[in-house]
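All remarks here apply to the structure that follows.
As the structure is a prediction and not an experimental result, all values here were calculated from the model.
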Amino acid sequence: MYQEIILDHYRNPVGRLILEPFDVEVHHVNPTCGDEITLRVKIDDGVVTAIGHQGQGCSISQAATSVMTELLEGRTVQQALDVEAGFLALMQSRGEGQPDEDLLEDAVAFSGVSKYPARVKCALLGWMAFKDAALQAVAQSVKDQS
Amino acid sequence: MYQEIILDHYRNPVGRLILEPFDVEVHHVNPTCGDEITLRVKIDDGVVTAIGHQGQGCSISQAATSVMTELLEGRTVQQALDVEAGFLALMQSRGEGQPDEDLLEDAVAFSGVSKYPARVKCALLGWMAFKDAALQAVAQSVKDQS
Amino acid sequence: MTSRTPSSVTALDVARIKADFPLLQRTIRDGKRLVYLDSGATSQKPSSVLDAERRFYEMHNAAVHRGAHQLGEEATDAYEGARETIARFIGAQSRDIVFTKNATEAINLVAYSLGNASFSDTVVGQSLSLQPGDRIVVTEMEHHANLIPWQELCRRTGAELAWLGVDDEGRLDLSTVDQIINDRTKVVAFTHQSNVLGTINPVAEIVARARAVRALVVLDACQSAPHMPLDVVELGVDFVTFSGHKMLGPTGIGVLWGRTEILAAMPPFLTGGSMIETVYMDHATYAEPPQRFEAGTPVAAQAVGLAAACDYLTAVGMDKVFDHEHALTSYALEGLASISGLRVIGPNNAVHRGGAVSFLVDDIHAHDVGQVLDDRGVEVRVGHHCAWPLMRRFGIAATTRASFYLYNDFSDVDALVESLDAAKSFFGVK
Amino acid sequence: MTSRTPSSVTALDVARIKADFPLLQRTIRDGKRLVYLDSGATSQKPSSVLDAERRFYEMHNAAVHRGAHQLGEEATDAYEGARETIARFIGAQSRDIVFTKNATEAINLVAYSLGNASFSDTVVGQSLSLQPGDRIVVTEMEHHANLIPWQELCRRTGAELAWLGVDDEGRLDLSTVDQIINDRTKVVAFTHQSNVLGTINPVAEIVARARAVRALVVLDACQSAPHMPLDVVELGVDFVTFSGHKMLGPTGIGVLWGRTEILAAMPPFLTGGSMIETVYMDHATYAEPPQRFEAGTPVAAQAVGLAAACDYLTAVGMDKVFDHEHALTSYALEGLASISGLRVIGPNNAVHRGGAVSFLVDDIHAHDVGQVLDDRGVEVRVGHHCAWPLMRRFGIAATTRASFYLYNDFSDVDALVESLDAAKSFFGVK
Ligand SMILES: Cc1ncc(COP(=O)(O)O)c(C=O)c1O
Ligand SMILES: Cc1ncc(COP(=O)(O)O)c(C=O)c1O
């Protein structure tokens with residue numbers, strides 16, 4: 001489960017910072033273990049220009065959020081949500097998933113985590129926070145335009 | 001279980017009437033089957049001079065109340081309660097009791113009932129009603145005297 | 001009597017089924033054949049259910065939803081897998097299935113949660129609350145479990161209780177349904193099948209009226225889930241409750257099914273571990289359903305056992321179970337009709353009727369009937385069957401009730417009829 | 001590490017005990033020896049418990065307290081016999097024992113019943129009710145099960161919640177007990193032994209203060225009843241609650257013990273069948289305790305299983321169980337002290353302390369510790385242990401917790417310590 005790539009991201013996380021300026025901030029908690037994340041996104045013209053996160057969590061949740069940040073920054077919101085959907089499907093595959101390497105890149109390292117149902121929530125903590133934030137940002141921009 | 005004596009009392013119950021005059025009336029219910037009894041006692045100078053009962057119930061409850069009426073009328077309250085205690089002990093003996101024939105007379109016929117826990121409450125319905133009524137009568141007379 | 005031929009031959013191989021039930025192999029009252037006719041109270045269990053429970057304890061037992069270790073994962077899988085099986089059994093989604101300890105707790109859960117709604121922080125929560133003058137409607141044939149929780153909810157909220165009556169045949173009197181289920185009605189709670197009369201109630205008709213006044217509908221399926229195919233979507237109600245022990249499952253487990261959006265709006269009932277989102281000393285927020293309603297260590301082995309019971313019933317086929325019991329009931333009603341001085345309380349024919357058959361025998365109290373039957377190995381229930389108001393409706397204190405299940409056959413009915421004749425002779429009744 | 005000698009040799013023949021537990025014979029994570037150190041969450045079950053449950057289903061299963069037939073009598077005897085055994089196990093009378101589905105329901109029962117007291121018809125019932133301004137006192141180390149039901153009761157009644165704090169060593173801070181348990185205090189609810197810290201709380205001291213202000217005392221014995229001899233008379237509290245599954249019993253059963261006269265005054269909680277005296281359409285009256293609090297078909301097979309668990313524990317001897325765990329705990333605390341960067345959350349010595357040992361490892365999140373341990377077959381619990389406010393008190397999110405029971409031995413502790421070393425190496429922590 002602990003691929004080298006996961007441990008690397010855990011030791012040197014990408015985007016572990018208080019993002020400023022930002023468009024949306026969300027706070028998510030994993031009720032089974034108490035881990036928390038505060039995540040901010042900046043979205044310009046439908047593109048995720050920056051993600052910043054803070055909080056506490058295990059190596060899996062920290063590394064998954066770091067990999068996610070690296071992977072999603074610079075993509076359009078739609079692309080980012082497609083990657084998120086792919087990651088979610090992989091995590092729910094209970095070790096049976098055939099990960100799409102083109103789509104998920106380094107995030108395929110988490111395939112092994114999907115065999116441990118109790119850890120899936122860890123891997124998803126940052127991703128769910130991002131999804132929530134992105135959808136809020138979209139909703140906000142629709143409102144601003146109307 | 002169904003001794004001839006029980007069936008006789010069931011067919012021709014003693015004291016199945018609305019007693020008038022009376023000192024105390026009680027109403028008891030067996031919550032598991034819904035059987036009911038309304039029982040009245042007349043007590044003069046510490047002697048149970050009359051018992052009357054009405055209600056519905058199975059052969060065991062009807063017969064037990066009938067036997068009780070025959071047995072207790074004419075005794076002092078204290079004697080009656082002693083008989084009641086003996087009958088209660090017999091009923092709780094789960095078929096193991098050595099009934100005191102001198103004390104219980106015809107009521108020993110209910111020994112067999114004590115082997116059927118679900119029927120013990122039937123046999124006791126009238127007896128518990130009597131005990132309740134007798135104790136109320138005693139309490140009342142103490143109050144009247146003071 | 002024994003020479004009558006069954007009115008229909010059914011598709012079930014009862015001898016084979018019976019062999020799956022260890023208890024049905026035992027004898028009773030000094031070696032007599034056991035004729036178990038009390039499945040309306042609780043059913044017997046096939047070995048597959050007992051094996052499933054035991055396998056859980058011997059192989060996968062650990063704290064569900066709490067352990068991150070392998071055993072914890074296995075236990076969680078077993079528990080959540082059971083939820084899926086049981087959901088499928090009634091055409092539901094597993095997220096809408098809440099496990100309780102019995103149907104009684106399931107009904108109390110709904111009643112208390114609605115009571116708690118007036119303390120809810122949320123607008124949707126508040127919208128479920130009851131006010132003085134609101135009405136809750138039940139029926140006169142309810143089991144105490146589907147009556148007293150509503151009496152108590154009325155007492156706590158000031159709502160009033162009203163009820164649909166029962167006619168002489170033991171059917172609901174729906175002539176006044178539009179007056180009784182009035183505009184102020186917030187909840188309509190009724191039994192799918194009466195545990196005393198056997199009557200199957202017209203769900204669609206009552207649901208239609210309840211919908212017209214926007215009342216929530218709670219269906220007590222304790223006596224239907226074990227005996228007929230159920231589909232919560234077709235039923236069209238808001239809540240369905242039943243108990244595992246009446247449908248080949250273990251004691252200690254009940255089921256509440258609720259509509260997704262209503263469960264989502266409901267405040268919790270029991271509170272504690274595993275139903276929370278965050279907890280502070282002075283307040284807490286709560287998880288989504290079904291977890292919100294499952295406080296504490298869950299009835300895990302029991303869920304696994306009940307899932308095995310559903311698998312067993314599904315393998316037999318719920319339509320076949322229903323047909324078989326229907327045939328037994330017809331046969332029993334014919335047999336009982338042949339006994340003079342015997343009066344069936346409930347429908348006299350097998351139309352819209354399940355296999356609980358209650359009756360009175362002239363001049364013999366139900367307890368005495370039951371005793372003679374028991375002495376002959378025929379196990380029936382006597383008493384008010386936790387439906388005391390229904391007894392009052394018929395002006396009686398108690399009935400004798402025989403109830404059937406998939407492991408009963410025509411010879412069991414014959415034994416019943418013969419024993420009733422014997423009881424009459426014993427008490428010298430013509 | 002493995003060459004350390006146990007600080008004391010205990011009287012238990014653990015190898016023989018272990019042989020009684022089928023699950024402990026299995027292997028984990030591809031053939032590794034299973035080291036089960038999560039009994040604080042739930043315990044494993046000896047064969048005698050599983051056999052007792054199965055025997056009930058195969059021989060005596062029927063509706064308890066409802067059937068007049070032989071099977072019904074046998075089932076009732078089994079259930080009430082179990083009540084007697086369990087009562088004896090804690091020095092109680094059986095009429096004061098109420099069965100629930102878990103300890104969480106038992107605590108909710110008390111909280112809801114007190115909440116219902118304001119609707120009571122009787123003066124004694126009313127006397128139990130809470131008013132705005134009344135106080136309920138808990139502690140900062142409570143399991144959510146003994147915290148949220150009181151939060152919710154406060155919300156429903158307008159009472160206020162107050163709590164005793166926890167010091168850095170994980171002991172209750174009693175310096176302000178007289179202020180916190182004040183004259184308006186109606187209920188004091190606290191845990192006998194913390195499921196996180198292992199701390200055993202000073203019952204007598206708290207009871208003395210509660211008595212002085214005439215508050216009811218609720219003792220959460222979930223973590224003590226399984227691990228030490230208990231006597232409700234000596235404890236001097238008003239209610240004791242615990243769960244069967246933590247003490248070798250089945251899932252799906254909890255116990256509430258209450259003082260006779262208080263139970264007698266309390267209004268019902270769950271309502272339905274078997275808890276009634278008489279029932280009319282518009283109202284009902286209720287049976288005496290314990291029936292008043294056991295609505296619906298009871299957790300019969302589970303009671304039988306729990307009684308077998310009590311028999312098993314009694315045969316081993318609860319004092320020996322306590323001594324054995326005490327020795328394991330001392331040994332574990334020594335072993336953990338040898339690991340640099342490891343910090344125990346809770347008392348560092350085995351005085352007034354049970355066998356739940358929580359700790360942090362510097363720079364490794366509890367989840368990661370748990371994962372490495374699990375990969376080596378060592379099953380511990382990680383997280384907030386349903387005591388989230390306690391985590392906040394220590395400024396942490398989660399701990400790793402090892403907890404011991406009679407089937408653990410010193411080699412299990414060695415495996416724990418070795419695996420922690422391995423985790424440190426794996427994550428490159430010194
Ligand atoms: C101290 C304590 N109290 C209460 C509980 C709740 O017990 P249950 O989940 O069995 O209801 C637990 C265990 O989870 C516990 O450890
Ligand atoms: C119609 C009906 N409703 C509710 C119940 C209550 O079920 P339980 O006792 O399993 O909670 C029963 C059975 O006792 C029943 O027959």
Side-chain donor-acceptor contact under 3.5 Å, [X] with [Y]:
{"X": "His28(A)", "Y": "Asp132(A)", "answer": "yes"}
{"X": "Asp82(A)", "Y": "Gln78(A)", "answer": "yes"}
{"X": "His385(D)", "Y": "Thr399(D)", "answer": "yes"}

May I ask you to decide whether Glu20(A) forms a salt bridge with Arg40(A), counting only side-chain N to carboxylate O separations under 4.0 Å?
yes
salt_bridge(Glu169(D), Arg171(D)) N-O dist < 4.0 Å:
yes
Which answer fits Asp375(D), side chain, backbone, both or neither, if we ask what part of it has an atom under 4.5 Å from a heavy atom of chain A?
side chain
Measure the CD-CG distance between Gln136(A) and Asp23(A) for me, rounded to the nearest 0.5 Å.
11.5 Å
Among residues 52-68 of chain A, residues within the sub-4.5 Å heavy-atom range of chain D, in order of number, are Gln56(A), Gly57(A), Cys58(A), Ser59(A), Ile60(A)
